[in-house]
Amino acid sequence: MNDLRIDGKRLWQSLMDLAQIGATPKGGVRRLTLTDEDRRARDLFCQWAREAGLAVEVDGIGNLFARRAGADPSLAPVAMGSHLDSQPSGGKFDGAYGVMAGLEVLRTLNDAGVRTRAPMEVVSWTNEEGSRFTPVMMGSGVFCGVFTLEHVRAQKDLEGVTVGDALDRIGYAGSARAHKLGAYFEAHIEQGPVLENEGKTIGVVQGTLGQRWYDVAVIGQDAHAGPTPMELRQDALIGASRFVLEVNRIARQFPDYARGTVGFLQVKPNSRNVIPGEVRTSVDFRNAKAATLDAMCEELGRAAKRIEAECRVTIELREIVHFEACAFDPVLVGHVRAAAAALGHAHRDIVSGAGHDAVSIARVAPAAMVFVPCAGGLSHNELESATPADLAAGCDVLLHAALKAAGVAGASRAAA
């Protein structure tokens, strides 16, 4: 099995065909979850999966499972996957690569006539990005029990459409029962610059940073911009601006790969000659250590109190996401490292600064990830780019790592 390789041209063509759905002028994709574009991408994936002889099932939150039977149906499947939804101005490879790489692995096993002991699955998780509905990693979160199906079906987008209504409309509110996974692998572009800068082809992912996200409301008093003296104002935007600077200060001050981002700002009433009375914003804090992440959040609370007093506003913080730092399964991580070495790819251990569905699945099954470089470390951007050679190399590593976990029917466990 050591000489088994995927079809790099077929993988690339699948990615390019998929990228036509929701294509943007700059070469990216806009494929927000549970939209018509998402439906078309799902339809195409299901078509390809069935053409490969895979049995497709859909669960209640719209997660797609495409299964290739194994010699021992009593064994839990070895799964590979990621997501098909994108950011509003996303790229071709974020998420889509993991799904297409998993599909290519199973196509390759079909071509080679390899029968595995355990079944194997390709999974497309619903709403990993959280760009239309929160929470992020919604589908994998429901699968692993972090969220209930009833809770997430009730979530609304900015236009008041619920997840449940959107799922029903596109026809992907399924009924498949939850099942156990024997192992889970996720191939992904790095979304950072480390691999490219160091000339490495494969990132052996050790785990991910912990995350705590907040929705924030800064409430003051809207008033006429002319008659209201500066010292008597309750300017919510001034308070929000101070708050944004505090988020940045905290992230720069704390150790352990600290990250802090404000990526959303909504000003009301948003009129040229009216003092802003309310600002809605967001906070994304990340850190490799739970204690440091907690300390960052405590410091944010103290900063909010100071701003309230100094700017005569009220700041409401509501935590909406709390993901602990995740360490991936050492056995599966070892499979990834061994596959990269055996295939002759330059590789290094790496920690992911981004969250992935693998973080959710690691709660209920052994999980690991394979990273490949992306140009300039750029992601969540229409200009996101990766080379066919690197994508094929990552898929080859995925193939051999997943095959090691699933076993080959008729082969000894030591040889598999």
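Index from 1, following the sequence. Note that the coordinates shown come from a computational prediction; the quantities given were computed from them, not determined experimentally.
Separating the CD atom in Gln20 from the NZ atom in Lys92 is a distance of 8.5 Å, to the nearest 0.5 Å. Rounded to the nearest 0.5 Å, atoms CD1 (Ile189) and OG (Ser82) are 9.5 Å apart. Taken to the nearest 0.5 Å, the CG atom of Leu209 stands 9.5 Å off from the CG atom of Asp256. Taking NZ from Lys200 and NE2 from His347, the interatomic distance works out to 8.0 Å, rounded to the nearest 0.5 Å. Within the model, atoms OG1 of Thr134 and CD of Glu129 stand 13.5 Å from one another, a figure rounded to the nearest 0.5 Å.
Residues Phe143 and His179 bring their aromatic ring centres within 6.0 Å. The ring of Trp12 has its center no closer than 6.0 angstrom to the ring center of Tyr97.
Within the 4.5 Å cutoff, the side chain of Arg67 has no heavy atoms near those of the Leu54 side chain. When side chains are defined from C-beta on, Ile350 does not count as touching Val204, because their heavy atoms never get closer than 4.5 Å.
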Might you work through the side chain to side chain contact (heavy atoms under 4.5 Å, CB included) test for Trp125 and Met137, ending with a clear yes or no?
CA-CA 8 Å; Trp125 305 105; Met137 294 179 271; over 6 Å; no

Evaluate Val244 against Val247 for side chain to side chain contact (heavy atoms under 4.5 Å, CB included), listing each step before the verdict.
CA-CA 5 Å; Val244 170; Val247 171; 5.7 Å; no

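Side-chain contact, Asp165 with Thr162: a donor N or O sits under 3.5 Å from an acceptor N or O. A donor and an acceptor atom, one from each side chain of Trp213 and Asp284, are located under 3.5 Å apart.
The shortest heavy-atom contact between Ile202 and Ala340 is CG2-CB, 4.1 Å. Between Cys311 and Arg242, the shortest heavy-atom distance links the atoms SG-NH1, 3.8 Å. In plain terms, the two heavy atoms of Ala112 and Leu4 that are nearest each other are CB-CD1, 3.6 Å.
Of the possible donor and acceptor atoms, one in the side chain of Thr24 sits under 3.5 Å from a partner among the backbone N and O of Gly28. At least one donor-acceptor pair closer than 3.5 Å links the side chain of Thr116 to the backbone N or O of Ala118. Remark: the backbone N or O of Arg5 is not paired with any side-chain donor or acceptor of Asp396 at under 3.5 angstrom. In this structure a side-chain-to-backbone donor-acceptor pair under 3.5 Å is present from His83 to Asp85.
For Arg42 and Tyr172, the positive end sits near the middle of the six-membered ring, less than 6.0 Å away and at most 45° from its axis.
For CD of Glu57, the number of neighbouring non-hydrogen atoms (other residues, nucleotides, ligands) closer than 6.0 Å is 12 at most.
Between Ser379 and the options Glu384, His188, Glu190, a side-chain hydrogen bond (donor to acceptor under 3.5 Å, both in side chains) holds for only Glu384.
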